[in-house]
Amino acid sequence: MKKTVGKHGNRGKGGQGASGGHRAHHAGMVADFRRRFWITLVLTVPVVALSSMVQGGLGVSKLLSFPHDGYVQFALATIVFFYGGWPFLTGLVDELKRHEPGMMTLIGLAVLVSYIYSGCVVFGLPGKVFFWELATLILVMLLGHWIEMRSVMGASGALEELVQLIPKEAHLIKDDGDTEDVPVTGLKAGDRVLIKPGEKIPTDGIVQAGRSSVNEAMLTGESRPVEKTEGDEAVGGAINGEASLTLEVKKVGDETYLSQVVKMVEAAQESRSGSQNLADRAAFWLTITAVTLGGTTLGFWLVFGKQFVFSLERMVTVMVITCPHALGLAVPLVVSVSTSMAASRGLLIRDRSAFERARHIDAVVFDKTGTLTQGRFGVTDVFPMTDMKPHSILRLAASLESRSEHPVARGIVAAARERGIQYADPEKFKALPGKGAMAEIDGVSVKVVSGRYLKENNLHEESAEVGKATAAGKTVVYLLVEERATGAIALTDIVRDESRNAVSRLKAMGIRVMMLTGDAEPVARWVATALELNDYFSEVLPGRKASKIAEIKDRGHTVAMVGDGINDAPALVAADVGVAIGAGTDVAMEAADIVLVRSNPEDVLSLLALSKATYSKMVQNLWWAIGYNAIAIPLAAGILYPFGFLLPPAAGALFMSISTVIVAINAKSLGKMKLL
């Protein structure tokens, strides 16, 4: 079954609750590690200075040593151990309670063993204290975690920017026409607000007055400003352009588009994927391996006659350097970056596993209406039947149809406007139900009628060109001037320019492109031919679309279905990857794995590119995290000791932290990628 996004906890009308909580939690952790690091650094300096090993190496033993200095060193190290090491000690307990030993288990054991052994030496056990190694180890681990937590916060940057889009105040228009600045959280449906030039739109609504261009780039990825005028929907968080708008509030809080986006992104970041499960298993077994190798290293050096303190140091270094921190972050950081990055570009990922599968897609099936086509009538041909020019035919037809709201009429008027044709206002307009319309234009009787009207009035004139247009599934209407057929206009659902580009580029990638539609065979054939599709299926009822997807999968293809998320729901569920394509505020499409906000077929290319790039980053991070240990563990165990090289525990902690930071930087570099 497809994974659907359930309702999250109530955010309140600000639409930021859960995300704000996550941000506050991460910010608190960053501050905590920073504070612990600086306090531990201050305490570590005297611990290192009092170490006999350090004093001997620097030749300053007489200057810094004094009676009972070991007790002072123990007291300082105790504070470092409990205060600086507290996150690792509590992490050790938590992991053991969950029976999931991991990074904290290794670090916790390393510092615990070091502290207990060194404390025993201070109070009489023969041996050497290990306090300076203990303090520097904790210090480096705190620094590594501080840097890591900052990287984790940075990885969610795009999501944070989404949450920050909503302004805190709005200009509420009162009953007397004056405005009052009120908190956005206090708005309710039906309120009217004023949006001044350059301001952010406070919430979702309908434009009541004004005309302006609106920048929705951060919300939908649409780089060009979108013109908004009376009756248009406006989305909260978009930036108003050059003129003021009056907006009637329709949605607030959790209902708004932006809140829905944030919910989807958070759910996707929290969802588990196949790669994450693999990384978790690898991290678990790496922890077990580290503990085993640590014990083996201790025993090995003891058997070969080395002192216990030397053998213990090797064991601690092995356990620290083997910490699976980088491995544990390899996938989650990439997930966080890619999900937030996708959301800022209008690609909303609802199911991580499906998103990962997208890299294997070798067949894309598109719905027709509203996906490959614009979902509105457009003029494709104008056929003169007399010596009247096509320009004049379209001018008269547009003049008449300018008073009609029929989809065919709107298509004719739009075609005239696109061609820059000026037309007069009709007089004595009258609709002919089921047949067309009539009016007087410049004193001449004009009608735009269907073919049935011609037949009923014996006005039909044969035309091979019109016959071909009809056979192709196009809608044909006729222009009559003084009851004489002077021209015909063919209309059809217009193919998007973006569809042509998307199909050609998908085919160039070796992906088969198909179409699934409930439209008649001639219409489907015409669109398939215009786009040079590999295959198409026509006259398919919604209930049969899923079986068609199953047929394509049975051919051995990994299939993505791209549809409007409503009548295509069965097919979206049946596909390996279901992609809902829908603009505006309608983004809650439960059947889809991924939502393309802009209704642009070209975004399928961006989706496939991001899926492949995301997987590549995951693999790179996993290889680095595992490959690093293949080199680091032998060095930590002392394989180069016969050649005079020994890796101290603090250096092992430093290398482990550097490995973690490298993984974080590599994950964040995904955010700089340009999608297709």
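The residues of the chain are indexed from 1 along the displayed sequence.
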Q.
Are there over 12 heavy-atom neighbours, none belonging to Glu465, within less than 6.0 Å of that residue's CD?
A. no
Q) Mind checking whether Glu233 and Asp204 have side chains closer than 4.5 Å, heavy atoms only? A) no
(Q) If only side-chain N and O atoms count, and only distance matters, is there a donor-acceptor pair under 3.5 Å linking Thr558 with Asp576? (A) no
Q.
I'd like to know whether CD of Glu230 has more than 12 heavy-atom contacts from other residues, nucleotides or ligands below 6.0 angstrom.
A. no
Q | Pairwise distance OG1(Thr371) to CE(Met561) - rounded to 0.5 angstrom | A | 7.0 Å
Q.
On the six-membered ring of Tyr615, is Arg359 placed so that its NZ or CZ lies under 6.0 angstrom from the centre and within 45° of the ring axis?
A. yes
Q) Should we say atom CD of Glu532 is surrounded by more than 12 heavy atoms from elsewhere, each under 6.0 Å from it? A) no
Q: Go through the side-chain N and O atoms of Lys368 and Ser538 and say whether any donor and acceptor fall under 3.5 Å apart.
A: no
Q. Salt bridge check: are Lys468 and Asp381 linked by an N-O gap of less than 4.0 Å?
A. no
Q: State, without any angle test, whether Glu498 and Asn600 hold a side-chain donor-acceptor pair at a distance under 3.5 Å.
A: no
**Q.** Evaluation steps, side chain to side chain contact (heavy atoms under 4.5 Å, CB included), between Phe537 and Val365
**A.** CA-CA 10 Å; Phe537 307 91; Val365 182; 5.5 Å; no
Q: Quick one: pull up CG in Leu372 and CZ in Arg500 and give me the separation to the nearest 0.5 Å.
A: 10.5 Å
Q) Does a donor on one side chain sit under 3.5 Å from an acceptor on the other, for Gln620 and Ser616? A) yes
Q: Without swapping roles, check the side chain of Lys545 against the backbone of Asp367 for a donor-acceptor pair under 3.5 Å.
A: no
Q) Is the backbone of Met618 close enough, under 3.5 Å, to the side chain of Asn621 for a donor and an acceptor to pair up by distance? A) no
Q. Does Ser669 use its side chain to pair, donor to acceptor, with the backbone of Asn666 at less than 3.5 Å?
A. yes
Q) Heavy-atom count around Arg419 CZ within 6.0 Å, excluding the residue itself: above 12? A) yes
